Structures are given as C-alpha cells and as structure tokens.
Trainee: 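Please find one structure pasted underneath; my questions will follow.
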Amino acid sequence: MAAPPLLPLSRLFRALRAVFIGAIAALLLFLLASWIGSSIPRNRGWQEPQSGVTIMVESNGIHTSLIVPLVNGIKDWRSDFPARDVDLTGRPYTHLSISWGEHEVFINTPSWNDLSPLTVMRIIGMGGEGALHVSHYVRPAASNYVRPITLTGSQYARLVKAMERSIPPRPRIRHHGYGPQDVFYDAPGHYTASNTCNQWTSNMLAEAGVRTGWWTPFSGGVMKWIDTPSER
C-alpha cells in the first residue's frame with residue numbers, strides 16, 4: 001500500500017500561519033480582558049482611614065506581595081513563619097512580605113531568564129501547584145514599588161483571616177529562598193493563567209474591603225489602585 005502523500009509546503013505554511021495568528025489573537029484578547037477586568041473595581045466605595053494598621057503592597061513589575069507587621073494586637077505571624085526558617089536569623093525583623101504563586105516558578109526560577117517556555121505552556125494549559133514566598137524585613141521603606149495602605153483594625157483582621165487560608169497545615173514542606181532572609185513553603189491552591197499570584201494579592205485586599213480590580217492577572221492591575229507615596 002502506498003504511503004499517503006506529504007502535505008504540500010503551501011498548505012503547511014498556511015496552517016502554521018493560522019496557528020500563529022490564532023495565538024497572537026488569543027494573547028491580545030487575554031491582555032484586553034485583563035485590562036478591562038482590572039479596571040472594574042471591587043469595594044468601589046472604600047475610603048482609606050486616617051489611622052489604623054499600615055500594610056504595604058510590593059511589586060517587582062511582574063509579581064506582587066503583601067507586607068504586613070510581624071506582630072501587632074491583631075496578629076502575631078511568628079508562629080506561622082518563624083525567623084528560624086530563614087538562614088539569617090539574628091535580625092530585628094519587623095515585617096513579613098507574603099505572596100502566593102506557582103510552585104515550579106517560585107522555587108526553580110531564581111530569575112526570569114531561568115523561566116522555561118515549557119513551564120509557561122504547562123501553566124497556561126494545565127496550571128500548577130501553589131506555594132508561599134515569605135520574606136523577613138526590617139522596617140521596609142515606602143517607594144513607588146512598595147506602596148503603603150492604611151486599614152482599620154477590623155479590615156486588617158479580615159485581611160489576616162483571608163491570608164491564613166493560604167497557610168499550609170503542619171508539618172510544612174519548606175524550600176530555600178532566593179537569599180538569606182526568605183523562604184518558600186508548599187501551599188494549598190491551584191495556579192492558573194486566570195488565578196495568578198497577582199490575583200491572589202487583589203483577592204486578599206478585596207476581602208479586607210479595599211478597593212481593587214476584579215481580575216488582575218498582572219501586577220499593574222493591582223498597583224494602579226494604590227497611590228504612590230508622592231500621591232498620598
């Protein structure tokens with residue numbers, strides 16, 4: 001029996017072009033949807049109080065995290081994330097930076113140059129397991145990338161309750177961080193292209209009652225709702 005004829009090159013090129021155009025269209029649609037979704041506010045009527053508990057929202061341009069006081073009258077985080085879990089234990093830590101994200105990206109990609117295209121495709125197609133990244137800070141300073149927000153005591157208590165749902169049960173599986181002051185923990189939750197690290201941040205803020213976007217897969221969708229220090 002004769003072998004089937006090979007697909008003509010012209011048809012192959014047309015098929016590849018259609019796939020390429022479809023991928024670009026899907027990406028543009030995703031970007032447009034993320035812009036629209038992040039521009040629709042949750043907790044539209046929220047007003048920042050004049051005094052209360054100051055937290056911060058931190059961004060490196062791609063990933064966001066929440067900076068909270070290590071200890072106050074509402075929450076003591078030291079039992080959840082003790083300083084003995086990091087390599088540099090002797091500092092007078094005052095705050096924690098806490099974020100949720102994809103396990104493989106967090107733990108095996110110390111820089112964005114290490115991110116494998118196969119990992120990106122897997123996350124888009126199948127998603128991945130969750131992990132927490134916790135960094136210990138000493139008196140973090142406000143900047144364009146570290147923006148303070150003041151919450152009432154009850155709002156901060158709601159934020160804490162929401163964040164506690166991402167804390168893994170004991171015994172916890174711990175991984176070395178990027179440096180001597182941070183650490184990773186396996187954590188509950190499934191990371192997808194729509195349920196990203198930045199969506200986690202905005203979800204936590206929304207549960208505290210803070211005005212933020214509905215769907216914020218990118219860091220800019222979170223940070224655009226928070227005034228820089230010069231705007232306050």
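Model, not experiment: these values are computed from the prediction.
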Trainee: Nearest heavy-atom pair of R172 and S79: which atoms, and what distance?
Mentor: NH1-O, 4.4 Å
Trainee: If you take all heavy atoms of P41 and S39, which pair is closest and at what distance?
Mentor: CD-O, 3.5 Å
Trainee: Group every Ile, Leu, Val, Met, Phe, Trp and Tyr by side-chain heavy-atom contacts under 4.5 Å, then state whether V86 and I167 land in the same group.
Mentor: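 Yes.
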Trainee: Under the criterion side-chain contact (heavy atoms from CB on, under 4.5 Å), I'd like the reasoning laid out for S65 against S97: C-alpha separation, chi angles, the key distance, then a yes or no.
Mentor: CA-CA 6 Å; S65 58; S97 172; 2.9 Å; yes
Trainee: From E48 CD over to I226 CD1, what is the distance, rounded to the nearest 0.5 angstrom?
Mentor: 9.5 Å
Trainee: Do other residues, nucleotides or ligands put more than 12 heavy atoms under 6.0 Å from the CH2 atom of W46?
Mentor: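 Counting neighbours around CH2 of W46, more than 12 heavy atoms of other residues, nucleotides or ligands fall under 6.0 Å, so yes.
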Trainee: Does H176 have more than 12 heavy atoms from other residues, nucleotides or ligands lying within 6.0 Å of its NE2?
Mentor: no
Trainee: For atom CD of E231, is the number of surrounding heavy atoms from other residues, nucleotides or ligands below 6.0 Å larger than 12?
Mentor: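 Atom CD in E231 is packed in, count exceeds 12.
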Trainee: Determine, stepwise, if the pair F81 / V183 fulfils side-chain contact (heavy atoms from CB on, under 4.5 Å).
Mentor: CA-CA 9 Å; F81 306 118; V183 64; over 6 Å; no
Trainee: Mind checking whether E129 and H190 have side chains closer than 4.5 Å, heavy atoms only?
Mentor: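 Yes, their side chains come closer than 4.5 Å.
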Trainee: Is there side-chain contact between T54 and P148, with at least one heavy-atom pair below 4.5 Å?
Mentor: yes
Trainee: Between T64 and S59, which heavy-atom pair has the shortest distance, and what is it?
Mentor: CG2-CB, 3.9 Å
Trainee: Which atom pair, heavy atoms only, marks the closest approach of G61 to S219?
Mentor: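 Here G61 and S219 meet closest at O-OG, 2.8 Å.
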Trainee: For a side-chain hydrogen bond (donor to acceptor under 3.5 Å, both in side chains) check, start with the C-alpha distance between S202 and R42, then their side-chain angles and the critical distance, and finish with the verdict.
Mentor: CA-CA 9 Å; S202 66; R42 291 184 277 183; 3.2 Å; yes
Trainee: Which residue, N203, T201, N195, T196, forms the side chain to side chain donor-acceptor pair (under 3.5 Å) with Q199?
Mentor: N203
Trainee: Indicate yes or no: at least one non-hydrogen side-chain atom of V53 is less than 4.5 angstrom from one of P69.
Mentor: yes
Trainee: Hydrophobic clustering (ILVMFWY, side-chain heavy atoms < 4.5 Å, transitive) - are L70 and I74 grouped together?
Mentor: yes
Trainee: Determine, stepwise, if the pair K75 / D80 fulfils salt bridge (Lys or Arg N to Asp or Glu O under 4.0 Å).
Mentor: CA-CA 10 Å; K75 174 67 177 181; D80 295 306; 2.7 Å; yes
Trainee: For a 4.5 angstrom cut-off between non-hydrogen side-chain atoms, does H175 reach H103?
Mentor: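 Side chain of H175 against side chain of H103, heavy atoms only: contact under 4.5 Å found.
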Trainee: Would you say the side chain of R78 lies within less than 4.5 Å of the side chain of V71, judging by non-hydrogen atoms?
Mentor: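 Yes, at least one pair of side-chain atoms sits under 4.5 Å.
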Trainee: Hey, what do you get for CE (M163) to CD (E207), rounding to the nearest 0.5 Å?
Mentor: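 The CE atom of M163 sits 11.5 Å away from the CD atom of E207.
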Trainee: Which atoms form the tightest heavy-atom contact between W225 and G213, and what is the distance?
Mentor: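 Smallest heavy-atom distance, with atoms named: NE1-N, 3.3 Å.
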Trainee: For a 4.5 angstrom cut-off between non-hydrogen side-chain atoms, does D85 reach Y185?
Mentor: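 Sidechains of Y185 and D85: in contact.
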Trainee: Is there a path of hydrophobic side-chain contacts, each under 4.5 Å between heavy atoms, that joins I98 and M56?
Mentor: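 Result: no, two separate clusters.
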Trainee: Can you tell if the side chain of S34 reaches within under 4.5 Å of the side chain of P217, non-hydrogen atoms only?
Mentor: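 Answer yes - side chains close enough.
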Trainee: Is the distance between the ring centroids of H133 and Y178 under 6.0 Å?
Mentor: yes
Trainee: Can you confirm whether the side chains of N108 and E104 place a donor and an acceptor under 3.5 Å from each other?
Mentor: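 N108 vs E104: donor-acceptor pair found between side chains.
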Trainee: Less than 4.5 Å apart, side chain to side chain, heavy atoms only: is that true for L159 and M204?
Mentor: yes
Trainee: Which heavy atom of S166 sits nearest to which heavy atom of W200, and what is that distance?
Mentor: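 In this case the closest contact between S166 and W200 is OG-NE1, 2.9 Å.
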Trainee: When rounded to the nearest 0.5 angstrom, what distance separates CG in D87 from CD in Q181?
Mentor: 10.0 Å
Trainee: Between S194 and W215, is the side-chain contact (heavy atoms from CB on, under 4.5 Å) condition met? List the steps.
Mentor: CA-CA 8 Å; S194 60; W215 186 49; 3.9 Å; yes
Trainee: Is there a chain of hydrophobic side chains (I, L, V, M, F, W, Y, each step under 4.5 Å between heavy atoms) that links M223 to V146?
Mentor: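 Looking at the clustering, V146 is in a separate group from M223.
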Trainee: Measure the spacing between CG of N43 and CG of L205 and express it to the nearest 0.5 Å.
Mentor: 9.5 Å
Trainee: Less than 3.5 Å apart, any donor N or O on the side chain of K224 or T216 sitting next to an acceptor on the other?
Mentor: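 Not at all, the side chains of K224 and T216 share no donor-acceptor pair under 3.5 Å.
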Trainee: Starting at OH of Y137, measure out to CG of D182 and round the result to the nearest 0.5 Å.
Mentor: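 So the OH of Y137 and the CG of D182 are separated by 8.0 Å.
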Trainee: Compute the centroid of each ring, for W100 and then for Y191, and state whether the two points are separated by less than 6.0 Å.
Mentor: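 Yes: the rings meet the under 6.0 Å criterion.
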Trainee: Is there a continuous path of hydrophobic side-chain contacts, each under 4.5 Å between heavy atoms, that joins I67 to Y93?
Mentor: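 I67 and Y93: separate clusters.
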Trainee: Let me confirm one number: the OG1-CD distance from T150 to Q50, rounded to the nearest 0.5 Å.
Mentor: 8.5 Å
